[in-house]
Enquirer: 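First the structure, then my questions, so here it is.
Remember, it's 1-based here, ligands and their atoms both numbered in the order they're listed. For the numbers below, each heavy atom of this structure counts, side chains included, while hydrogens, waters and symmetry mates do not.
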Amino acid sequence: MIPDIEKASTAAIKAFQEVQLKTLLGYLNTHSTFYKRLFETENIDINSIKTLEDLAVIPTTTKDDLQQFNDDFICVPRHKIIDYVTTSGTLGEPVTFALTDNDLNRLAHNEAISFACAGVEQKDVIQLMTTIDRRFMAGLAYFLGARELGAGIIRVGNGIPELQWDSIKKFKPTYIIAVPSFLLKLIGHAEQHGIDLNASSVKGAICIGESLREQDFSLNILSKKIKEKWDIELFSTYASTEMNTAFTECEAQQGGHHHPELIIIEILDEFNQPVAPDESGELTITTLGVEGMPLLRFKTGDIVKAHHEKCSCGRNTTRLGPVIGRKKQMIKYKGTTLYPPAMHNILNDFNEIESYIIEISHNSIGTDEILLKIATSNPTDHFLQHIKDHFRAKLRVLPKIEFCDRKEIQKIQFPKMSRKPLMVIDRRS
Ligand SMILES: [Zn+2]
C-alpha cells in the first residue's frame, strides 16, 4: 500500500506539492485570522508564491505564535470541531488543536500509510501501549489508522507490564506500539515470570518518543539492549500534534518516510535558510489538507537530518534521520555543540544506573554547564571513573557528574501534572 505519489520522481513530487501549496495559501488567506494578518503586515501577495522555494518569503511560525494567538489559527467555526487536542506550550499555557471530521479522516489516512511503511497489514493485530485519552493525539491517530487499514487494535494503554503480557497471550498481537525504554520493562517482566519472549506472537514494535538508531542508522545502545533479548523488528516513528503527520520507517529502517501528500518539509539553519543537503537543521513544516488548524512554515524545534536518496522499499520520498535533539536544548560545551539525546545514549549503556537527570545551566561567565545527577546501585569512585571514561571516549567532553539519592532524582523528574518523567532540566532561561 504505497500511494503512487510516493513512488513518483522527485520533480513530480515537487510539482504535486506546489499545487497543494497554492490551495493551502488560498485557504489560509480566507479562513485563518493569523495568516491573513501575516500576509497583510508583511505585504505578501500569495499569488506570487508558486514554487516551494518561494516559501522563503513567508516568515516562519513559532510555538510562541501558537500560544499567543491560539484562536487566530483556528480556521473553522466551533460547531465543525470534533476533537480537541492540547500540547504543552513553551510559555506555560497549553496550546489547543482543533480537529474537524475531515482532519480525523486525514489523520487516519496518515497513520494507515505510516503503519503500511512498517509492514503492518490488514491481517495484523496491534497492541497499543500508549495513552489514547488525556487530550493526546498520538493514541487516537494509531487507533484511527489501524481502523482505516482494517487491522485489529488492542488499547491497553501505557505501563503495567503484567497487563500487557496478559493481553499479548490472550489476543496474540503481531505488532506493538510503545516507547522503546518500556520494551525493556516488558523484557524484564517476561524474564522474571518465565515468559519466553521469542515464542510470543509479537514480530515487530513501532517505537515512539526515543530514538532507536545512531545517525548512520545502526542500532543505538537502547535498541541493541532490546534486540539482544527480544528478536523483533524495531521501527521508529516520529510525529507531533502540530504536524498532524507521522514519519515512519519502512523495512529498510533508514529513517522515517516523508508523505508528500500530507506535509511540506524544510530543514532550516538558525537564520531560517535551507541547510546543505547533508547537514542537519530545524525541521520546519507546512501541513497539507488540514482544515481545523493548518500551519505554514511552522518551526518544530527538532533538529534532524534529511536523506534524499531513493529507498530500497520503492518509495522515492525524503527520509528523516533520528531526532538529534531539541533546538532549545542545544548545549555549547567546551567548544562542541551537543544535545541531551547523545548523553541519554551513553547513560543507557550502564545497567548500574537506576535513574538520572541532566541539568543544564549558565555559569558565571555565561557559557553552558552540564551536571549529571545519577542514582546508582554502585556509587563507587571506580564506577564514576568508568562513566567518565565512557563520556570522554564517545563525546570527547566530560560533564560534571554527581551521585545522588534515587528519591531526590524522582522528585525532580516528576513535577506536578507532568505527563512523562523529565530527563533534562534546563535552567538557562
Ligand atoms: Zn523505504
Enquirer: E214 and N345: side-chain donor and acceptor closer than 3.5 Å?
Expert: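 A donor-acceptor contact under 3.5 Å links the two side chains.
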Enquirer: Relative to F247, does R319 satisfy both conditions: NZ or CZ under 6.0 angstrom from the six-membered ring centre, and within 45 degrees of the ring's axis?
Expert: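 No, cation not above the ring by the 6.0 Å, 45° rule.
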Enquirer: Check whether the side chains of T376 and Y356 place a donor and an acceptor atom closer than 3.5 Å, and report yes or no.
Expert: no
Enquirer: What's the count of protein N, O or S atoms under 2.8 Å from the Zn ion (ligand 1)?
Expert: 4
Enquirer: With sequence neighbours left out, write down each residue that passes ring-ring contact (aromatic ring centres under 6.0 Å, His included) with H109, or none if nothing qualifies.
Expert: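 If we apply the ring-ring contact (aromatic ring centres under 6.0 Å, His included) test to H109, skipping adjacent residues, there are no hits.
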Enquirer: What I want to check is whether the side chains of T130 and N158 have a donor and an acceptor closer together than 3.5 Å.
Expert: no
Enquirer: Could you tell me whether a side-chain N or O of N70 sits under 3.5 Å from a main-chain N or O of T96, the two making a donor and an acceptor?
Expert: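 Such a contact is found between N70 side chain and T96 backbone.
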